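Below, read A as the first sequence line, B as the second, and so on, with proteins coming before strands; counting in each chain starts at 1. On a predicted model such as this, the values are computed, not experimentally measured, just so you know.
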Amino acid sequence: MRSIAVIAVTGKGGTGKTIFAAMLILHLCRKGSLLAVDADPDSNLPEALGVEEVEKTLGDVKEVFQHTRDEIRGDKSIWFEAKVFEVINELEDFDLLVMGRPEGEGCYCYTNNLLRGILRKFMKHYDFVVVDCEAGLEHFSRKTIDRADCVVVVSDTSKKGLKTAERISELMKSLGINARKAIVGNKVTDAKAEEMIENFASRAGFEFLGALPYDSMVVENEMAGKSVRDLPECEFKRKFKEVLKKFESWCLS
Amino acid sequence: MVERKKLEIPEGVKVKVSQGEEYDFPVDISPMHEGERIRKGDMYVELAGPKQPGFELVMALPEDQVEDMKVTLVGKDLDELEEGKAHPFAMIYYVAGEKIDSDLEPIIERRNHDFQNYIEGVMHLNQRYDIWIRIGKNAVEKGLKSLITIAKAVMLLFKNEMPFIEKIEAVYITDRDFVEKTLKEVAMPIFEERDARVEALHDEDVEEFYSCTLCQSFAPPDVCIITPDRPSLCGAITWFDGRAAARVDPEGPNKPVPKGEILDPIGGEYSGVNEFAKTESGGVTERIKLHSFLECPHPSCGCFEVIGFYMPEVDGIGWIHRGFPEPAPNGLTFSTMAGQTGGGKQVVGFLGIGMSYFRSKKFIQADGGWYRVVWMPKELKQKVINYIPEDMRDKIATEEDAKSMEELIEFLKRVDHPVVKGVVRPVDGKKITEGWGKEEEVEEEEESEAETEEVQEAQPQLQPQMPQMTMPMPVPFQQMPQLPFTMQSGPKIKLILKNATINIDKIIIKKTDGEKKEGQEGKKEQNKR
Ligand SMILES: Nc1ncnc2c1ncn2[C@@H]1O[C@H](COP(=O)(O)OP(=O)(O)OP(=O)(O)O)[C@@H](O)[C@H]1O
Ligand code: SF4
Ligand SMILES: [Mg+2]
Ligand SMILES: [Zn+2]
């Protein structure tokens with residue numbers, strides 16, 4: 001069996017989680033089989049990865065299950081598993097699962113319990129699972145994803161960004177997520193800000209992976225509707241390679 | 001029952017036969033391969049699936065008919081199928097064993113999914129006529145050339161993991177016509193028969209029920225009991241689901257609950273359920289009556305799809321579903337009532353259920369079933385209309401008929417709802433409520449004394465069904481604890497009976513002279529139990 005690494009990328013809104021996760025995915029998928037999971041209900045990971053359109057999300061399947069489970073004949077878990085299989089998009093060099101819309105009203109305990117078993121079964125066959133999450137770590141707190149090995153918090157230089165990192169740390173503890181945690185700075189403009197993040201990291205027990213600069217190329221690329229695949233050589237990309245090195249020796253050792 | 005017999009293999013179709021055990025497999029076989037995705041690009045062929053017909057079926061046959069470890073392949077074999085394409089595919093297993101009958105077929109059949117997935121390079125999804133198989137290039141490269149090899153491996157796994165299977169034989173089909181014909185003529189009737197059996201299964205037909213403790217995480221004392229006649233209150237889990245889950249994961253949230261002794265066949269009280277509930281809830285729930293509303297109701301964790309509420313003003317029960325925003329005639333909304341009822345406790349006067357419980361033949365039978373139901377939102381009523389007895393369909397009010405208690409009372413009187421004169425529960429013909437609209441009925445219809453007497457004599461032993469008087473009451477009751485023994489006009493009488501058995505030989509209702517009032521005379525005997 002493969003030894004997998006489940007990597008969750010999280011942090012305050014707008015700090016650059018998605019771009020970081022996308023860069024990571026495009027790198028790691030060359031090293032082994034990879035499942036990319038977009039766990040942010042305001043999903044934009046597919047766009048960042050250059051995936052045109054995701055027809056159906058896991059959220060859609062969950063809704064169908066919630067509303068038709070009464071009519072499903074035979075074994076519900078087998079039915080559900082097949083539907084989950086279908087919403088995993090096979091792309092050229094990795095697979096993509098979009099969690100999609102948040103849950104509606106009613107009890108999802110059974111649904112999520114089935115889902116946990118199914119995802120666990122599917123996920124263990126990938127070398128890497130990279131999850132782009134919101135700061136609330138919703139799918140981890142519901143335990144639909146019941147394992148994380150590395151949690152990377154992306155933070156800008158705002159107080160709020162670091163505050164969120166602290167909160168995530170507490171959340172991990174209360175959820176019993178036993179993962180290594182690291183922080184990476186993004187949109188960092190000066191050395192002082194970088195130092196601030198680094199100091200925070202050592203204080204709060206995070207590994208510091210480095211700081212990515214603010215780079216207008218990133219914005220331009222996005223405005224042009226291009227994926228991070230097409231990001232030209234730039235300061236951000238150059239620095240990302242350094243961060244990646246640190247990440248690999250930290251997470252994959 | 002659909003007759004179980006071996007397929008007749010058609011003439012003129014390619015057939016390959018192999019008998020005997022095989023142990024030498026070119027690919028690895030282990031549970032570790034479960035969940036392995038065979039991506040489109042890595043796939044050698046696809047069998048059945050969304051684009052081609054297919055099915056899997058297990059048939060129980062008499063022992064002398066099953067040729068152990070024999071495989072018959074009808075149609076092309078794996079190495080003859082066009083690579084990269086999807087093909088029709090069916091798998092039929094004949095099984096025999098002393099303990100095997102057709103009830104076990106679905107349980108055995110379910111495992112085909114697992115065992116196929118144990119095979120490296122074979123991916124099996126879904127079930128019955130929705131199966132979808134992919135065989136990976138990697139497996140073919142390693143030497144997997146024949147579907148017979150797959151059949152042999154699966155049969156060995158069946159015999160290993162389900163030792164009660166004494167003999168097993170397989171027919172695999174890739175010939176399109178034969179797949180389609182067999183699906184239509186053999187498999188579908190069996191699947192339909194199975195579904196019909198599911199519908200027809202009752203509490204008394206099974207040895208054990210199943211528990212669910214999934215929601216204990218936020219409603220700690222909660223324990224749900226799932227029976228054939230009482231699917232889970234969240235609407236998610238049937239008795240069959242519970243059984244499947246308990247078998248797959250014995251340490252999981254669904255466990256078998258032996259029924260034990262039946263303590264109350266009408267209310268649905270079992271010693272095994274009581275013991276289980278007591279242990280699991282840490283003593284919070286001591287007794288559960290599965291099909292009762294007012295006495296020892298099933299606890300509610302807050303996950304219910306629909307909540308029932310007792311309305312003392314009309315001595316009837318209303319139902320409201322999640323998502324209905326307006327208040328019910330008792331002035332409370334779904335969420336208010338849900339807030340009071342959730343938390344895994346038994347709250348007399350409220351009951352959380354799943355939508356499918358409306359379909360149950362035992363639907364709150366201890367309290368009169370549908371004959372006690374007075375109100376539900378139109379949307380909900382529409383959904384369950386087929387399960388409402390015909391004579392009750394027009395008698396259950398919706399928000400269009402009644403928004404307030406006054407309107408509800410008016411409506412019920414107008415349609416002559418059973419609660420007005422008293423509910424006779426269908427399960428045993430016992431009259432369980434007194435009714436509250438007698439006076440006016442008598443006046444309007446001028447019933448004769450004789451008729452009235454007859455009605456009363458039909459139930460000489462009247463046990464008051466008012467457990468809510470001796471039990472802790474939820475907030476809305478505290479304002480109105482007394483039952484509708486109050487006369488509508490005339491002297492207000494409040495009768496509270498505790499633990500009483502009443503024998504009534506005769507009640508005579510007469511108009512008293514001069515006044516538009518009626519009094520009650522009669523011989524009453526009260527025996528303290
Ligand atoms: N280093 C950078 N330099 C300049 N712009 C950046 C940089 N990193 C991210 N951005 C821009 O910031 C915006 C937010 O980035 P991104 O979507 O990756 O963040 P996010 O944390 O995933 O946001 P959300 O919380 O909305 O999901 C995007 O428009 C992105 O192009
Ligand atoms: S509500 Fe449903 S999921 Fe929750 S404990 Fe009951 S049966 Fe299980
Ligand atoms: Mg994002
Ligand atoms: Zn629940």
Supply the atom-to-atom distance [X] [atom1] to [Y] [atom2], rounded to the nearest 0.5 angstrom.
X       : Y       : atom1 : atom2 : value
I237(B) : N113(A) : CD1   : CG    : 8.0 Å
C303(B) : Y108(A) : SG    : OH    : 12.0 Å
F85(A)  : N126(B) : CZ    : CG    : 11.0 Å
S33(A)  : R39(B)  : OG    : CZ    : 8.5 Å

Taking atom [atom1] of [X] as the centre, report whether more than 12 heavy atoms of other residues, nucleotides or ligands fall under 6.0 Å from it.
X       : atom1 : value
E199(B) : CD    : yes
E55(A)  : CD    : no
K237(A) : NZ    : yes
N178(A) : CG    : no

Pick one of side chain, backbone, both or neither for [X], based on which atoms fall under 4.5 Å of a heavy atom in chain B.
X       : value
T111(A) : neither
R69(A)  : side chain
I88(A)  : both
N112(A) : neither
E86(A)  : side chain

Would you indicate whether the side-chain heavy atoms of [Y] and [X] approach each other to under 4.5 Å?
X       : Y       : value
F122(A) : E36(B)  : no
E81(A)  : H113(B) : yes
Q127(B) : S77(A)  : no
T238(B) : K76(A)  : yes
C215(B) : C107(A) : yes

Item to check | Heavy-atom pair count under 4.5 Å with chain B, highest-scoring of I78(A), L114(A), D95(A) | outcome: I78(A)

Checklist outcome for this item: Checked E105(A), M123(A), E92(A), K121(A) vs chain B; the most non-hydrogen pairs under 4.5 Å come from K121(A)

Item to check | Region of M123(B) that comes under 4.5 Å of a non-hydrogen atom in chain A | outcome: side chain

Checklist entry - At a heavy-atom separation under 4.5 Å, does P253(B) approach chain A through its side chain, its backbone, both, or neither? => result side chain

Item to check | By side-chain hydrogen bond (donor to acceptor under 3.5 Å, both in side chains) - contacts of E90(A) (at least two apart) | outcome: R37(B), R134(B)

Checklist entry - Where do R359(B) and D70(A) land on the salt bridge (charged side-chain N to carboxylate O under 4.0 Å, His left out) test, with the steps shown first? => result CA-CA 11 Å; R359(B) 220 162 48 204; D70(A) 211 27; 3.3 Å; yes

